[in-house]
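Okay, so here's the structure we're looking at.
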Amino acid sequence: MKCPKCSKEELVDSVLADDLAVKTCKACKGSWIASEDYQTWQAKQPQEKVTPEELGEKLNIEFGQSPLDTRAALCPECSRYLSRAKVKLKTPFFVDRCQQCGGIWCDYGEWDILAQLGLHRSIEQLFERKWQAQVEQQQLLNSERQAMVEKMGDKVAEQVFEIAEVLSQHPHGDFALAYLMRKVVSLQETQRR
């Protein structure tokens, strides 16, 4: 079996954490995880998936992306192009997977980051559009919260978050929101005069 990224190097037997059998490239240090080996290993792991909310808090990990990460690759087992799923860290990277045989390619260091994020036990969710959209939505919410803290300060931002939660749960929260908007606009107009 040839390395999907180096294309000339032979893959050799190796093991990742928790006795997961893989084939590793000596040159680029990437790992090929055969679908059957991953499923066998996965069945022995806790069956908990990482939610986008949990993941959003962890995405600030620094990671040195492999120079081979942007390179398209062919499956070493069935020679089809590998599909890619983006892991959206500060420096994002891609996990590659064969849609035909289900094998997974991780460039050097990517498995360790997936393990830190808790995604290594359920890599298939990275390839679900719905899950990716939820992660993106959560990242936008986190950015919005951070911007609120930067503009309003910790104390006022926390009060805004609390009132937003209360209003979102109340059946007439929209009425209170409209009141607040009118009050703020009225105060701003008064200050301009």
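One-based numbering along the sequence shown.
- Within the 3.5 Å criterion, the main-chain N or O of T24 finds no donor-acceptor partner in the side chain of S31.
- Under the 3.5 Å distance criterion, with hydrogens and angles disregarded, no donor-acceptor pair is assigned to the side chains of Q138 and Q134.
- Both Y38 and L119 sit in one connected hydrophobic cluster of ILVMFWY residues. Membership requires side-chain heavy atoms under 4.5 Å apart, directly or through other members.
- Note that the CE atom of M181 and the CG atom of D174 stand 11.5 Å from one another [nearest 0.5 Å].
- D112 and Q116 share no donor-acceptor pair across their side chains, judged by distance under 3.5 Å alone.
- V185 and L180 fall into different hydrophobic clusters, where Ile, Leu, Val, Met, Phe, Trp and Tyr residues are linked whenever their side-chain heavy atoms come under 4.5 Å apart, directly or through other members.
- There is no path of hydrophobic side-chain contacts, each under 4.5 Å, that joins W32 to L74.
- Taken to the nearest 0.5 Å, the CH2 atom of W111 stands 7.0 Å off from the CD1 atom of I104.
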Subject >> Candidate pair E10 and K2, rule salt bridge (charged side-chain N to carboxylate O under 4.0 Å, His left out), full reasoning >> reply: CA-CA 5 Å; E10 289 287 333; K2 300 278 188 196; 2.9 Å; yes

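- In this structure, the separation between CD1 on I163 and CD on Q159 is 9.5 Å, given to the nearest 0.5 Å.
- Between the NZ atom in K5 and the OH atom in Y108 there is a gap of 15.5 Å [rounded to 0.5 Å].
- Between the CD atom in E77 and the NZ atom in K23 there is a gap of 9.0 Å [rounded to 0.5 Å].
- Of the candidates C6, P4, P67, C28 forms a side-chain contact (heavy atoms from CB on, under 4.5 Å) with just one, namely C6.
- Counted by atom type alone, R121 and Q45 present zero donor-acceptor pairs between their side chains at under 3.5 Å.
- With hydrogens and angles left out, the side-chain atoms of E136 and Q132 include no donor and acceptor closer than 3.5 Å.
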